[in-house]
Protein chains: 2
Amino acid sequence: MNPTIKDVAQRAGVSVGTVSRVLAKNKTVSEDIRAKVEATIEAIGYRPNILGRSLRLNKTDIIGLVVPDITNPFFAELAKHVEMLASAEGYSVLLANTHDDPEAEKQQIETLLGRLPAGLILVPVSNSLVDGLISGTRTVTIDRPLSGHALVAVDNREGGYLAADHLLALGHRRIGYISGPNSTDVSAERREGFLRRLDEFRETNPGEYVAPQVVEGHFDYRSGEELGKKLLTQADATRPTAIATASDQQAIGLLRAAGDMGLRVPTDLSIVGFDDIPLASLVLPRLTTIRQPIAEITRLALEGVLGSHALQEEYKLRPVLIERGSCAAPPVP
Amino acid sequence: MNPTIKDVAQRAGVSVGTVSRVLAKNKTVSEDIRAKVEATIEAIGYRPNILGRSLRLNKTDIIGLVVPDITNPFFAELAKHVEMLASAEGYSVLLANTHDDPEAEKQQIETLLGRLPAGLILVPVSNSLVDGLISGTRTVTIDRPLSGHALVAVDNREGGYLAADHLLALGHRRIGYISGPNSTDVSAERREGFLRRLDEFRETNPGEYVAPQVVEGHFDYRSGEELGKKLLTQADATRPTAIATASDQQAIGLLRAAGDMGLRVPTDLSIVGFDDIPLASLVLPRLTTIRQPIAEITRLALEGVLGSHALQEEYKLRPVLIERGSCAAPPVP
DNA sequence: TCACAATGATGAAACGTTTCATATTGACAG
DNA sequence: CTGTCAATATGAAACGTTTCATCATTGTGA
């Protein structure tokens with residue numbers, strides 16, 4: 001069995017309270033006793049039992065991280081950042097996947113809560129089932145809002161707006177949009193920003209406007225590929241010359257679809273993604289995309305969970321357009 | 001404050017011991033008391049405090065998962081599977097990244113161990129620092145061995161062998177190999193299997209043999225791209241017509257490099273990857289690769305950690321060649 | 001009717017901490 | 001020499017469980 005604080009006390013000839021006090025650096029202990037205790041701790045290799053401490057203090061140094069799917073590169077990146085910052089502060093990260101299933105999400109959050117985490121970082125799937133479930137645990141929400149908790153997110157409208165703006169500036173008029181699930185706010189907001197820029201354009205250029213073609217699916221590769229096919233199998237005259245997507249994964253799926261159909265990117269088709277996952281700069285052509293400031297998101301989230309004062313209600317961080325090789329002027333007809 | 005077992009006992013008019021016994025399903029309690037207790041539990045919304053239980057039992061229902069980098073799609077996939085199986089059994093997963101840094105690995109394992117996990121699933125980076133660190137915690141190692149602990153891994157030699165075999169069968173003779181870091185066994189084994197098949201070929205076909213070109217780097221995209229460039233910037237007569245890699249990430253980087261240099265895959269260059277990450281079937285062309293049976297790996301690992309009897313020393317699972325679109329016969333000169 | 005076994009409930013101890021009220025010590029002022 | 005005060009150490013309680021030795025209450029057979 002591991003040595004306990006009692007063993008240390010006994011061996012050092014002091015009381016357990018005293019040992020506890022030398023462990024808590026900032027308490028007042030005489031120098032010689034502190035030295036002696038530290039020596040015995042070293043000698044018998046004592047490591048405080050975290051369970052005892054947690055029970056006594058009624059809190060742990062664990063941070064719960066709930067994401068829809070760790071396999072999604074964006075969430076993997078998020079998890080990595082969270083884990084890095086958390087472990088630098090002496091916290092550990094408990095990981096849970098919801099698989100976009102509200103029922104599973106509820107379940108996961110409940111068991112996480114049962115472990116009395118110091119805080120919760122949550123990318124919510126649904127509001128209905130989780131609403132009111134969390135109380136007394138510092139929680140910040142990423143990407144999607146949950147009433148009663150701070151939200152840290154990229155400004156999705158702005159992101160969509162930037163994508164549309166870029167495409168219009170290049171001269172595209174027939175523009176497609178591959179959206180995420182309509183049920184999610186993230187998705188709705190990105191699309192909304194995108195469409196808003198087009199509306200603005202219509203107002204200033206009444207003659208040129210062509211209605212965007214919007215299709216809806218999931219955020220994953222496969223959806224991008226399928227919806228891409230759908231969008232692209234049209235006569236040259238109506239087929240979009242540019243498509244914006246709600247995620248890089250969709251964009252990469254779309255890239256594939258375009259390739260399958262013999263369309264060259266960016267010559268025949270311009271594509272702009274969303275997120276800027278690591279892979280975005282490694283596909284062929286490199287993907288022009290809307291970058292989420294993920295380090296900043298993580299920093300804020302952890303501050304909200306661990307920091308001394310609560311976060312403000314909502315942070316909307318500015319996305320930035322990363323120009324790479326997947327966009328060009330539309331082909332001349 | 002949350003209700004405790006004491007509150008339940010008091011409200012139900014029984015002792016805490018009794019409540020505890022109804023909580024432990026398999027204990028003997030009279031029917032009426034069980035009903036009454038369960039009713040009050042329901043009524044006041046009691047949820048057992050896991051810390052109290054863990055302290056008493058001196059063990060938790062947490063599984064530690066230590067990977068080099070959760071951002072690597074293979075490990076993300078692994079994490080997802082681990083989390084799924086673990087949570088089905090009522091366990092939670094504590095995630096730690098080592099960033100391929102032995103020092104960080106040691107640190108991470110130590111703090112994880114301090115949390116008294118029920119088990120540890122570990123993809124080790126180094127042996128030296130971690131050796132002997134873990135005792136008394138059920139541990140299984142994935143991918144790379146660690147003395148004293150069970151290992152579950154794909155048969156890397158077999159994998160390398162399969163790749164070489166496939167390429168040879170297609171008629172390739174000038175074959176390149178992009179290896180992972182020489183310091184890792186995984187990498188060494190894959191390369192070894194690959195080279196072994198070539199050696200065999202040389203023995204049976206003495207005239208035809210051309211020495212393979214092997215380069216070494218990391219398992220990531222970037223390395224694949226850089227090493228790919230290095231391998232491909234040669235006169236047509238010596239440039240490999242096929243390259244096998246030690247990871248799909250490398251293969252995808254290589255795909256990019258080839259594209260940048262105007263080489264078409266598979267017409268001008270055949271590529272075979274390793275792992276079969278989700279993305280492998282979504283790049284253009286779809287990647288022919290050596291699949292790791294990741295579900296099986298996870299299943300075994302969890303069995304080793306949670307199961308009733310220890311795992312045997314070492315499991316080497318069979319990889320399988322997944323033929324897709326990145327390989328073809330070599331171009332006729 | 002009585003002894004005894006079987007069944008089921010109880011109370012207390014224990015897990016390893018932290019903290020708080022109390023005790024001890026020494027120095028110093030009066 | 002006594003009383004006070006500061007500084008520091010002690011002991012015990014408390015956190016929420018589980019378990020084990022007891023104890024109480026039945027039912028059974030003679």
Side-chain angles (χ1 to χ4, degrees), chain A residues 1-41 44-62 90 111 113-118 136-137, chain B residues 1-41 44-62 90 111 113-118 136-137:
Chain A
M1 206 60 279
N2 288 330
T4 80
I5 200 175
K6 231 177 260 173
D7 300 325
V8 177
Q10 198 166 3
R11 202 138 181 287
V14 299
S15 75
V16 297
T18 302
V19 178
S20 178
R21 270 162 46 245
V22 350
L23 254 25
K25 304 284 185 209
N26 51 357
K27 290 289 172 54
T28 152
V29 187
S30 70
E31 251 336 296
D32 48 344
I33 286 210
R34 153 163 284 134
K36 187 163 56 176
V37 168
E38 276 170 351
T40 37
I41 285 179
I44 68 179
Y46 165 75
R47 313 231 328 134
N49 179 314
I50 262 187
L51 294 173
R53 165 180 295 160
S54 295
L55 175 60
R56 176 63 226 245
L57 300 180
N58 196 38
K59 65 171 203 195
T60 64
D61 37 10
I62 281 182
T111 84
L113 249 25
R115 298 186 188 283
L116 304 181
T137 303
Chain B
M1 205 62 277
N2 288 330
T4 78
I5 201 174
K6 233 177 257 174
D7 300 325
V8 177
Q10 198 165 2
R11 201 137 182 288
V14 298
S15 73
V16 297
T18 302
V19 178
S20 178
R21 270 162 47 244
V22 351
L23 254 25
K25 304 286 186 206
N26 51 356
K27 290 287 171 59
T28 153
V29 189
S30 70
E31 250 336 295
D32 47 344
I33 286 209
R34 151 161 286 133
K36 188 164 54 177
V37 169
E38 276 169 352
T40 37
I41 285 180
I44 68 179
Y46 165 75
R47 312 234 327 137
N49 179 315
I50 265 186
L51 294 173
R53 165 179 296 159
S54 294
L55 175 60
R56 176 62 227 247
L57 300 180
N58 196 39
K59 64 170 204 193
T60 65
D61 37 8
I62 282 182
T111 84
L113 249 26
R115 297 186 188 283
L116 303 181
T137 303

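Below, chains carry the letters A, B, ... as their sequence lines are ordered, and counting in each starts from 1.
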| message | Can you confirm whether A:I62 sits close enough to B:I62 that some side-chain heavy atom of one is under 4.5 Å from a side-chain heavy atom of the other? | response | yes

| said: Are the side chains of A:V19 and A:T40 in contact, using a 4.5 Å heavy-atom criterion? | reply: no

| query | A:R34 and A:K25: which non-hydrogen atoms are nearest, and at how many Å? | reply | NH2-O, 3.5 Å

| field | Nearest heavy atoms of A:V29 and A:I33, plus distance in Å | value | CG1-CG2, 3.9 Å

| request: Look at the side-chain N and O atoms of B:T28 and state whether any lies under 4.0 Å from the OP1 or OP2 oxygen of C:dG8. | output: yes

| query | Is the phosphate of C:dA9, meaning OP1 or OP2, less than 4.0 Å from a side-chain N or O of B:S30? | reply | yes

Can you tell me the distance, in whole Å, between the [atom1] atom of [X] and the [atom2] atom of [N]?
{"X": "B:N49", "N": "C:dC15", "atom1": "CG", "atom2": "P", "result": "18 Å"}
{"X": "A:Y46", "N": "C:dG16", "atom1": "OH", "atom2": "P", "result": "10 Å"}
{"X": "A:R47", "N": "C:dG16", "atom1": "CZ", "atom2": "C1'", "result": "15 Å"}
{"X": "A:L116", "N": "D:dC15", "atom1": "CG", "atom2": "C1'", "result": "11 Å"}
{"X": "B:L51", "N": "C:dG16", "atom1": "CG", "atom2": "P", "result": "15 Å"}
{"X": "B:D32", "N": "D:dT26", "atom1": "CG", "atom2": "P", "result": "12 Å"}
{"X": "A:E31", "N": "D:dA9", "atom1": "CD", "atom2": "C1'", "result": "15 Å"}

| field | First encountered from the 5' end of DNA chain C, between B:V14 and A:V19 | value | B:V14

Considering every strand and a 4.0 Å limit on heavy-atom distances, what is the contact class for [X]: base, sugar-phosphate, or nothing?
{"X": "B:I33", "value": "sugar-phosphate"}
{"X": "A:N58", "value": "nothing"}
{"X": "B:R34", "value": "nothing"}

Look for any protein N or O under 3.5 Å of an N or O in nucleotides 19-24 of chain C and output each such pair with its distance, or none.
none

| salt bridge (Lys or Arg N to Asp or Glu O under 4.0 Å) with B:R115: which residues, sequence neighbours excluded? | A:D61

| said: Holding to salt bridge (Lys or Arg N to Asp or Glu O under 4.0 Å), I want the full list of residues that pass it with B:R21, two or more places apart in sequence or in another chain. | reply: none

| message | Applying side chain to side chain donor-acceptor pair (under 3.5 Å) as the test, list every pair that has at least one member in residues 3-17 of chain B; sequence neighbours left out. | response | B:S15-B:T18

| request: Would you confirm whether B:T60, through its side chain, and B:S54, through its main-chain N or O, come within 3.5 Å as a donor-acceptor pair? | output: no

| Who are the side-chain contact (heavy atoms from CB on, under 4.5 Å) partners of B:L55, not counting sequence neighbours? | A:L51, A:L55

| task | Taking only heavy atoms on the protein side, list every residue of residues 4-12 of chain A lying under 4.0 Å from any atom of DNA chain C, sorted numerically. | result | A:T4, A:I5

